[in-house]
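Some notes on the structure that comes next.
It should be emphasised that the depicted structure is a prediction, and the values quoted were computed from it without experimental measurement. Start at 1 with the first residue, then count along the sequence.
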Amino acid sequence: MSSPTETTTPTPSGESIFTEENNRLSAYIPVSTLAMTFENPSSTSLTLPADLETPHHHPHHPARPRSTRAPSVISEKQELDDTLSNATHSNITHVGDDDYEGYDGKSVKNGGSGSKVEGSAITHKTEENLEDGVFDNSDNASIIDGRIVNYPEGGFGWLVVLASFVVNFWAFAPNITFGVYQAYFLQASTFPGALPTDISWVGSIGTAAMFIPGPFVAPMTRLLGLKAVVAIGIILASLGLILASFFTQLWHLYLTQGFLFGVGGGLVFFSSISVTAQYFEKRRGLANGIAVAGSGIGGLSLAPLTRYLIAQVGIRWTQRIMGFAVLGFMSAVFAFIRPRVQVVKKGPIFDMSIIRVPGFMYLMATAFVVTFGYMVPVFLIPTYSNVELGQTPATSANLISIFSGINAASRIILGVAADKLGRTNTLFTCCFLAGASCLAIWSVASNIQILTGFMVVYGLFGGGFISIFPVVVAQVVGIERLSGALGILYFGNVVGNLLGAPIATAIMHAQGGKYIGAIIFAGLSPVVAAFFVLVIRFRINKKFFAIA
């Protein structure tokens with residue numbers, strides 16, 4: 001079916017005037033949104049009201065069945081022309097004879113063929129929307145058919161970004177810096193007979209446990225509300241570190257500093273990261289990059305602070321201080337984790353229909369594969385530096401600090417790049433070059449200069465998955481389903497985060513202590529993931545040099 005003819009004439013305000021045929025459609029959707037979609041279909045998610053999706057019978061156009069496929073930016077491009085054509089023969093649902101219902105509950109006057117919505121898009125409320133999922137507007141978000149179509153691109157959104165930054169700082173950094181605790185336990189022989197790998201499981205469990213709550217955050221939010229979920233997470237995370245200070249056996253740390261802290265941090269992390277995306281569209285990569293930079297900066301700053309506290313007050317009071325710091329800092333930004341829309345309590349507990357969104361299975365493959373190799377260099381570089389290059393522990397620690405600092409800065413830089421060059425383009429480049437740097441640089445690092453160069457390159461591109469992946473997920477599934485989608489996808493990270501480093505270490509021991517097998521394993525993981533991203537990229541836009 002051919003698209004309706006579109007004629008545009010520049011106006012002093014920079015917008016376009018649509019022909020009579022599309023005047024009714026422009027009443028629902030701002031012209032700038034339509035123009036953005038025609039120029040670059042992957043740059044925005046466009047959803048029409050339900051009454052425009054399903055045309056009524058027309059003498060010259062037979063009725064078309066309504067699609068039940070989950071909305072996706074991948075499928076929207078091919079459906080847009082038909083949808084626009086159908087919309088011109090649809091009837092608009094009225095609140096009164098001449099009025100429409102706006103998102104703020106006020107009536108909007110119908111001006112006939114040239115009608116327009118005064119000041120906002122329309123909230124299309126139907127019983128079906130409430131049953132399926134899903135949003136009940138609680139702020140000044142313009143919503144069409146239950147989907148956000150306007151973004152502040154700043155304002156209060158920057159406070160939300162600050163809150164997410166603080167959450168990332170305190171949710172991830174204690175696990176990233178667990179090597180400091182491990183060094184103390186080994187030096188002080190806190191657990192006689194325990195091997196280094198036995199102690200390292202505390203950090204591995206903590207990292208993996210962060211992603212366990214992923215699939216449960218959305219249903220918990222639906223039942224309890226987002227604020228309650230965040231509060232529960234803050235309490236569990238702080239208790240995990242405080243209770244850890246009373247340990248007498250190693251398995252106590254597995255349960256407290258590992259599992260309990262990880263689950264609590266995960267509840268707060270998943271809640272905050274989905275809220276951030278509700279305030280930004282054009283600057284989403286930048287906003288998310290700033291937010292997730294918190295974990296890198298946290299790792300950079302908490303490592304020396306933890307060493308200092310252990311030397312000054314001992315290991316137990318260090319754990320307590322960190323626990324109260326988690327409680328204090330996260331509570332301080334609690335009020336800023338405020339969604340623009342509220343999830344209603346109706347609907348399925350787990351929305352498994354999301355797996356039918358085009359491209360979602362490739363996202364799952366990416367999330368599952370990449371984490372097997374992502375943390376391997378961070379775990380093995382200190383011992384590689386000591387054993388292979390004869391460097392001191394202080395030099396090895398400096399390499400990790402270099403990685404953490406560059407990684408934190410790169411997340412912001414890559415966020416800006418994603419907004420300018422395309423999100424899937426940037427994610428593919430980061431995954432591929434991170435893996436390639438392992439294979440091409442680390443594998444031949446025969447001196448400290450080459451190894452330092454590798455840590456710089458890996459720090460620059462290795463953070464791409466952390467900062468860009470959530471915005472790519474939002475691009476594929478839509479903001480409204482981001483929380484549930486990230487929960488499912490990050491749950492797949494549990495296996496890789498838990499087993500990636502032990503597998504690499506086992507390969508190394510099987511080769512008599514040689515690192516080359518572990519290096520290849522670490523490099524192949526993100527390279528394979530990059531090609532899954534490439535499939536998503538060309539499903540969104542088949543043009544080779546397109547911004548997608």
* Asked: Is R320 close enough and on-axis enough to F246, meaning under 6.0 Å and within 45°, for cation-pi?
  -> yes
* Answer yes or no on whether R338 is positioned over the face of F156, meaning its NZ or CZ is under 6.0 Å from the six-membered ring centre and within 45° of the axis. => yes
* To do: Check for a donor-acceptor pair, side chain of S410 on one end and backbone N or O of G459 on the other, with a separation under 3.5 Å.
  => yes
* Donor-acceptor under 3.5 Å (T424 side chain, R537 main chain) -> no
Aromatic ring proximity, centroids under 6.0 angstrom, [Y] and [X]:
X    : Y    : result
F270 : Y490 : yes
F269 : W170 : no
F247 : F191 : yes
F329 : F169 : no
F461 : F432 : no

If you take all heavy atoms of [X] and [Y], which pair is closest and at what distance?
X    : Y    : value
V263 : L236 : CG1-CD1, 4.5 Å
G258 : I205 : C-CG2, 3.9 Å
A163 : F336 : CB-CB, 3.8 Å
Y254 : D198 : OH-O, 2.7 Å
V376 : A518 : CG1-O, 4.4 Å
I355 : F360 : CA-CD2, 3.6 Å

* To the nearest 0.5 angstrom, please state how far the CG atom of L380 sits from the CD atom of E388. => 11.0 Å
* **Straight-line distance of F211 CZ to F491 CZ, nearest 0.5 Å** => 12.0 Å
* **Passing option when N288 is tested against V471, V161, D419 for side-chain contact (heavy atoms from CB on, under 4.5 Å)** => V471
* Do S385 and L451 have side-chain heavy atoms sitting under 4.5 Å apart? -> yes
* Asked: Do I547 and L421 have side chains that get closer than 4.5 Å, going by heavy atoms?
  -> no
* If you count the non-hydrogen atoms of other residues, nucleotides and ligands that lie under 6.0 Å from CD in Q249, is the total more than 12? -> yes
* Got a sec: does the OH of Y362 have more than 12 other heavy atoms crowding it under 6.0 Å? -> no
* Asked: Is the F185 ring parallel, tilted or perpendicular to the F178 ring (thresholds 30°, 60°)?
  -> tilted
